[in-house]
2 protein chains.
Amino acid sequence: MYPSIEIKCDAGPGFDLVRATDVSEEARPFGPDTGGLEALRFDPGRGGSVADRVHGVLRAAIVEVRLAPGTPISENSICRQFSVSRTPVRAAIQRLSEEGLVDVSPQRGSFVAPLRIDGLRDSHFIRRSLELAILREVAGIWTEEMSAEMRAIIEDQARVIEAGNHDGFFEEDERFHHRLATFCGRDGVWEAIRGAKVTMTRFYRYWAHPERLAEVLREHGAVIDALDTGDAQEAERALSLHLDVVFNVFDRMSEEERRNLPA
Amino acid sequence: MYPSIEIKCDAGPGFDLVRATDVSEEARPFGPDTGGLEALRFDPGRGGSVADRVHGVLRAAIVEVRLAPGTPISENSICRQFSVSRTPVRAAIQRLSEEGLVDVSPQRGSFVAPLRIDGLRDSHFIRRSLELAILREVAGIWTEEMSAEMRAIIEDQARVIEAGNHDGFFEEDERFHHRLATFCGRDGVWEAIRGAKVTMTRFYRYWAHPERLAEVLREHGAVIDALDTGDAQEAERALSLHLDVVFNVFDRMSEEERRNLPA
DNA sequence: ACTGGTATACATGTATCCAAGTATTGAGAT
DNA sequence: ATCTCAATACTTGGATACATGTATACCAGT
């Protein structure tokens with residue numbers, strides 16, 4: 001079983017990321033430097049409420065690991081940065097807190113949630129159970145049109161990999177899994193999957209090695225292949241394998257990377 | 001497939017409930033009468049933040065269907081009622097909104113979320129998938145101690161039924177399912193189940209006929225029986241059957257009850 | 001050198017005020 | 001009688017001021 005550890009991020013193998021201002025060393029959480037926050041951009045006047053937009057900007061930054069785990073998130077620094085009042089910022093942070101993306105401790109501060117192996121276990125379990133259940137339903141109503149659509153998504157994903165578009169890769173990946181859910185009318189279930197997925201996505205974005213991207217492509221293809229041949233069991237096996245790989249990423253960590261893990 | 005309908009509650013078969021002030025007829029949402037809110041009690045000075053406590057009180061009232069679906073929830077009426085400012089009430093309602101228990105439309109009002117069959121479908125699917133997956137794990141590590149503990153819970157549940165303690169029944173029911181999750185160290189997954197369950201719980205609390213309670217008891221027993229004999233497949237079948245019954249509650253609705261459904 | 005108490009700067013939580021949008025109401029015109 | 005439209009009374013969203021708790025920095029006493 002995996003230990004309960006928190007991963008302190010310094011640098012990902014494939015991606016650069018904005019560093020938290022030495023969270024462990026620096027005494028004062030919020031100095032003149034806001035630790036990566038200043039790189040965030042907030043378009044005033046766009047659609048939606050201010051709180052929604054603030055939430056969206058912060059969420060994207062956290063999920064895409066542009067804001068490192070542990071980074072202090074001060075309501076004041078955010079509302080200075082975005083030129084809005086504390087009220088919508090507070091609402092946004094509250095939402096992020098409920099999504100498990102931000103830890104807020106009263107009178108102390110709020111911080112980007114660390115990458116916890118525990119959370120990864122739960123996230124994996126939930127996602128796996130739900131996606132397999134969905135796949136079972138989809139297998140029962142599989143059509144050629146569906147197959148064609150899924151293959152198109154895979155091709156799109158191949159293209160963005162070729163172009164070196166990392167963000168695009170993750171978007172297409174989400175499309176793949178999302179579409180399977182909508183095939184059997186389980187949009188509500190997809191929302192639950194999406195909620196559980198963020199934990200894995202953050203982990204993945206941080207640790208995934210570039211060579212992994214092509215493997216994902218093949219694994220997606222294997223699922224569709226099995227569905228095309230009408231072998232539901234094989235499809236489940238393939239999808240299960242695909243989802244389990246995230247754990248293997250943990251196993252692949254180099255010694256140096258492992259050494260960054262506290263306790 | 002079930003249609004997308006909203007259930008407007010007038011009175012449950014087994015329970016009395018505070019009526020919304022004729023939501024469909026009354027023009028003004030918030031009159032001098034706040035539609036059931038006045039029955040809610042808020043203990044000042046207890047532990048936790050004000051926002052947390054407000055959230056807890058409202059959540060319990062909604063889940064236990066003491067506040068009827070469709071009841072207007074005005075921030076002002078709440079903070080008058082509880083003698084607190086709007087800010088923590090706002091935070092509480094935002095949380096409830098994210099939990100799907102309250103629908104808030106800007107500049108119009110917030111309302112206790114209606115009972116949607118759609119939501120029930122998703123809720124059922126999620127709960128079923130996750131609980132079955134957990135049961136599969138538990139079956140692999142089943143011990144006599146676990147069996148004894150579960151049987152004790154069932155006995156407790158029998159006692160509260162005997163005593164006519166409806167709230168106690170639902171608490172014990174939650175204990176039963178919760179304990180299974182903790183046996184295999186899936187507390188995080190239980191939280192997800194709990195989130196999905198509220199939709200079903202509200203439905204159940206509203207429609208469940210008294211004779212159903214004893215059936216639940218037998219079904220719980222059947223699951224444990226199967227686990228004791230080491231028949232994992234039978235256990236899954238029994239649990240699946242148990243969870244599916246909620247849909248049957250919908251089928252059992254009398255014609256008069258059905259007529260209350262709009263569209 | 002080290003320990004202990006205090007001052008200060010920061011955080012989030014709460015209260016209140018203002019802005020902007022929606023739905024009902026009721027009067028007046030058709 | 002019916003329709004149009006302005007006034008009004010609500011709502012939630014946002015901005016700001018204040019309350020309260022925490023952690024560091026600093027300094028005095030040992």
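Sequence lines set the chain letters: A, B, ... in the order given, protein chains first and strands last, and positions in each chain run from 1.
Rounded to whole Å, atom P of C/dA23 lies 10 Å from atom CZ of B/F111. As rounded to whole Å, 17 Å separates atom P of C/dC10 from atom CD1 of A/I78. Rounded to whole Å, the distance from CZ on B/R80 to P on C/dA15 is 15 Å. Regarding B/R108, its CZ atom lies at a distance of 16 Å from the C1' atom of D/dG13, rounded to whole Å. As rounded to whole Å, 6 Å separates atom C1' of D/dT12 from atom CD of B/E75. The CZ atom of A/R86 sits 18 Å away from the P atom of C/dC17 (whole-angstrom rounding).
Under 3.5 Å, the side chain of B/Q107 and the base of D/dT12 form at least one donor-acceptor pair of N or O atoms. For B/R90 against D/dG14, a side-chain-to-base donor-acceptor contact under 3.5 Å is absent.
Minimum atom distance to the side chain of B/V104 is reached by D/dG13, of the listed C/dG13, D/dT16, D/dG13. Looking at the side chain of A/S85, the nearest of the listed nucleotides C/dT14, C/dA15, D/dT16 is D/dT16.
Of the charged side-chain nitrogens involved, none lies within less than 4.0 Å of a carboxylate oxygen, so that A/R59 and A/D52 do not count as a salt-bridged pair. Note on A/R194 versus A/E174: salt bridge recorded, some NZ/NE/NH1/NH2 to OD/OE distance being below 4.0 Å.
An OP1 or OP2 oxygen of D/dT12 is reached within less than 4.0 angstrom by a side-chain nitrogen or oxygen of B/S110. Contact check, A/N76 against C/dA11: a side-chain N or O comes under 4.0 Å of OP1 or OP2.
Among the atoms of the strands shown, base atoms are found under 4.0 Å from some heavy atom of A/T87. Counting any heavy atom pair closer than 4.0 Å across all strands shown, A/A51 reaches sugar-phosphate atoms only and no base atom.
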Run the side chain to side chain contact (heavy atoms under 4.5 Å, CB included) check on A/F111 and A/I73 step by step: do they pass? CA-CA 5 Å; A/F111 308 87; A/I73 302 282; 5.9 Å; no
Give the C-alpha distance, both sets of side-chain angles, the deciding distance and a yes or no for side chain to side chain contact (heavy atoms under 4.5 Å, CB included) between A/S97 and A/D103. CA-CA 6 Å; A/S97 162; A/D103 293 341; over 6 Å; no
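Rounding to the nearest 0.5 Å gives a distance of 12.0 Å between CD of A/E131 and CD1 of A/I126.
Remark on DNA chain D: of its neighbouring residues A/G48 and A/P106, the 5'-side contact belongs to A/G48, judged by nearest-heavy-atom nucleotide.
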